2 protein chains.
Amino acid sequence: MRARRGRGERTTLIDVATRAGVSAITVSRVLREPEKVSPNLRNRILDLIEDMGYVPDQAARALASRHNSTFGVLVPTLTNRAFLSFMQGVEERVRDTTFRIQYANTHNCADEEKRQVRLLLSQNTAGILLAGLEGADGIHDLVRHANCMVVQVVDVGIKIAGSVVAVDHGAAAEAATRHLLDCGYRTIALLGGMADARGRRRTEGYSRVMQQAGLYDPDLIHHENAATTTQMGCRLLRRALKARPDIDAVFCQNDDLALGVLFEAQRMGLSVPDQFGICGYNDLDFAAVMQPPLTTVRTPLFEMGYRAADLMIRGADGDRLVHHSVNLGFELIERRTTRRRTL
Amino acid sequence: MRARRGRGERTTLIDVATRAGVSAITVSRVLREPEKVSPNLRNRILDLIEDMGYVPDQAARALASRHNSTFGVLVPTLTNRAFLSFMQGVEERVRDTTFRIQYANTHNCADEEKRQVRLLLSQNTAGILLAGLEGADGIHDLVRHANCMVVQVVDVGIKIAGSVVAVDHGAAAEAATRHLLDCGYRTIALLGGMADARGRRRTEGYSRVMQQAGLYDPDLIHHENAATTTQMGCRLLRRALKARPDIDAVFCQNDDLALGVLFEAQRMGLSVPDQFGICGYNDLDFAAVMQPPLTTVRTPLFEMGYRAADLMIRGADGDRLVHHSVNLGFELIERRTTRRRTL
DNA sequence: CTGTTAGCGCTTTCAT
DNA sequence: ATGAAAGCGCTAACAG
């Protein structure tokens with residue numbers, strides 16, 4: 001007689017079945033395959049379920065069915081707006097499916113990443129979505145041996161295991177740097193935050209173009225080992241200008257940074273874009289309405305999330321480990337923080 | 001025919017136990033109460049676990065122990081930076097505990113909120129953290145009958161069930177509005193996004209002060225039913241100015257909005273703070289480095305998350321349903337988007 | 001359409 | 001310090 005003692009023992013399938021005078025499996029079917037139960041009985045049971053406040057126990061369900069309809073999404077940080085757009089894409093695709101998302105934050109830390117993947121694996125998740133992988137040693141093994149879908153969102157060319165949604169960050173950075181050059185800027189600084197795989201690719205792209213132009217100088221590159229913020233943009237600009245006072249443009253690895261750079265430049269009396277050019281990255285919400293509006297590289301953040309979730313869901317549904325890969329593009333949005341091109 | 005063949009069936013506790021020549025419970029102990037197993041045996045088993053790549057099945061564990069060390073955090077949106085700070089606070093408190101967090105996004109929708117709470121309940125979570133509750137009907141019942149910790153982050157005075165971390169948003173809005181008045185502004189608009197419970201409190205606070213001053217006018221209040229963005233700030237300012245061209249200051253429900261307002265004001269040639277004052281809300285990262293720096297209300301976002309998680313953890317650990325409540329303050333940060341006070 | 005029988009992989013409780 | 005037995009709440013597989 002396990003009645004609701006204290007806060008009440010949990011109501012189980014059997015409690016409902018007993019009250020309904022049927023067997024447990026019938027109640028179970030009402031929930032999962034209602035069409036296999038006669039309408040009459042079904043409705044009676046449904047009412048009972050409502051009345052008794054029965055909620056199925058997912059752990060038992062997962063254990064019995066060896067199935068789990070939630071999947072984990074690993075993001076390196078929560079503080080980056082770029083990841084927010086990505087997450088919105090994921091959510092949009094997942095809405096109206098029976099899948100659930102479980103976010104985990106790896107704090108840009110390789111060990112934490114590994115720990116989280118292990119945890120997810122131990123929960124028998126339907127799949128794992130890896131965004132902004134730090135690439136810890138051994139994670140490849142973990143992922144390779146996973147018996148669930150694994151989708152990675154990475155840079156083009158960094159193929160690991162499972163399905164992949166890729167963007168060519170190196171090429172995007174090249175395009176941005178070349179644009180700055182085309183506008184007539186010469187001493188172009190690169191400002192960035194913590195360098196993950198994607199960040200490193202961007203730095204490489206920038207360096208390639210600067211080297212080709214014979215303008216490369218390590219003193220032009222400034223990073224701070226943390227998530228990008230607007231305040232960081234201000235600091236980084238001051239530091240860059242101290243190292244090379246003749247800087248006439250900056251390429252920021254994130255629009256957050258670019259926002260700070262614009263404010264700081266205004267404070268210093270630098271006129272944008274005439275004396276000083278700014279190019280951002282990601283085309284975040286505020287970029288279009290800054291004064292002046294920000295020239296930036298638009299990356300398909302939302303779509304990356306959407307496509308990644310799509311691969312995930314299609315793979316998990318078919319219960320087969322589909323391996324797909326999609327490569328999404330980017331777009332340089334020329335606005336008013338860079339001057340009209342002279343070339 | 002369970003698809004996951006070929007990638008290997010899951011390694012279980014029994015597999016490890018068999019290889020070690022011990023019983024399952026011993027392996028289980030090695031993982032949970034290592035001190036109860038002799039060092040020799042323990043190390044041998046630990047090695048085996050590593051070798052065989054064994055990862056415990058959380059579902060089985062949760063089912064057998066009727067315990068679950070993950071708790072759900074419901075946030076209304078992922079696109080609001082205020083919630084990000086909150087989430088960071090939660091994570092900070094949870095780090096280095098055995099608890100795990102599962103985020104769920106209710107999309108500011110009452111039904112979704114109810115669905116998510118139900119889902120969480122059905123997972124037997126250690127607890128539920130409710131932030132920015134929409135307050136769906138029936139959710140009180142759900143929460144009241146939950147046999148797990150429930151912590152809510154709400155406005156002072158909206159007491160529901162479980163433990164509460166509160167902030168007096170009404171008083172904060174009053175302070176902000178009064179400050180604007182003290183600076184000599186008279187026609188003060190209120191700009192906001194989707195009005196949740198906290199938003200409504202802020203609107204009430206603003207209205208009270210304006211009414212007392214005899215300056216209240218519904219035409220000064222402008223909302224858009226979506227998450228706040230910088231672009232929305234621009235649109236809202238234009239709309240407000242169309243309704244009342246004599247507006248000389250705005251109180252924005254979020255700094256995102258204030259950023260847009262500043263840019264738009266600059267575009268219109270309004271000089272801030274002389275002709276036009278701006279006060280934000282939340283003191284987000286960029287507020288301090290805007291040009292001019294933004295006057296805003298600082299709310300203890302991070303701390304709210306931290307304290308809420310703390311209540312959660314302390315409650316779940318003690319396995320008793322502690323009911324606590326803490327009330328956190330706010331602070332008006334006077335910077336340069338409002339002129340020096342004349343009163 | 002409904003029921004019976006076996007577990008899923010782990011932890012509890014009670015022995016030894 | 002280690003083990004045996006008995007489930008946790010549910011679903012798969014096969015009846016009928």
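Numbers restart at 1 for each chain; the letters A, B, ... are given by sequence-line order, proteins then strands. Quick note: numbers below take in every heavy atom, side chains included, and nothing from hydrogens, waters or symmetry partners. What you are looking at is a predicted structure, and each value in this text was computed from that prediction instead of being measured.
A:R32 places its CZ atom 8 Å from the C1' atom of D:dC10, with the value rounded to the nearest Å. Separating the CZ atom of A:R66 from the C1' atom of C:dG9 is a distance of 10 Å, rounded to the nearest angstrom. What separates OH of A:Y54 from C1' of D:dG9 is a distance of 7 Å, to the nearest Å. In this entry the distance linking CG of B:N40 with C1' of D:dT2 reads 14 Å, nearest Å. Atom-to-atom, CG of A:D15 to C1' of D:dC10 comes out at 13 Å; the value is rounded to the nearest Å. Here the P atom of nucleotide C:dG9 and the CG atom of B:N68 are 19 Å apart, to the nearest Å. Rounded to whole angstrom, the span from the CG atom of A:L13 across to the P atom of D:dA12 amounts to 12 Å. Taking atom CG on A:N43 and atom P on C:dC1, their separation rounds to 14 Å, with Å as the unit.
A distance of 10.5 Å separates CZ in A:F71 from CG in A:L120, rounded to the nearest 0.5 Å. To the nearest 0.5 Å, atoms CE (A:M312) and SG (A:C148) are separated by 6.5 Å.
OP1 or OP2 of D:dT2 has not a single side-chain nitrogen or oxygen of B:S23 nearer than 4.0 Å. Contact annotation: A:S28 side-chain N/O to D:dT11 OP1/OP2 distance is under 4.0 Å. Dashed line: the shortest gap from a side-chain N or O of A:T26 to OP1 or OP2 of C:dC1 is not under 4.0 Å.
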*asked:* Between A:E113 and A:Q116, does the side-chain contact (heavy atoms from CB on, under 4.5 Å) criterion hold? Intermediate values first, please.
replied: CA-CA 5 Å; A:E113 183 176 280; A:Q116 296 278 13; 5.9 Å; no
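Taking only side-chain atoms of A:D57, from C-beta outward, the nucleotide of C:dG9, D:dG9, C:dT2 with the closest atom is D:dG9. Side-chain atoms of A:R61 lie closest to D:dC10 of the nucleotides C:dT11, D:dC10, C:dT4. Nearest nucleotide to the side chain of B:V37, out of C:dG7, D:dT2, C:dG3: D:dT2. For A:T12, whose side chain is taken as the heavy atoms from C-beta onward, the closest listed nucleotide among D:dT2, D:dG3, D:dG9 is D:dG9. The side chain of A:S65 approaches D:dT11 more closely than any other nucleotide in the set C:dT12, C:dT4, D:dT11.
The residue among A:E33 and B:L63 whose nearest nucleotide of DNA chain D is located toward the 5' end is B:L63. Comparing A:I25 and A:E35 by the nucleotide of DNA chain C that holds the closest heavy atom to each, the one mapping nearer the 5' end is A:E35.
A donor-acceptor pair under 3.5 Å is formed between the side chain of A:S163 and the backbone N or O of A:H324.
Smallest separation of non-hydrogen atoms from A:V94 and A:T97: O-OG1, 2.6 Å.
On a pure distance criterion of 3.5 Å, a polar donor-acceptor pair joins the side chain of B:R29 and the base of D:dG3.
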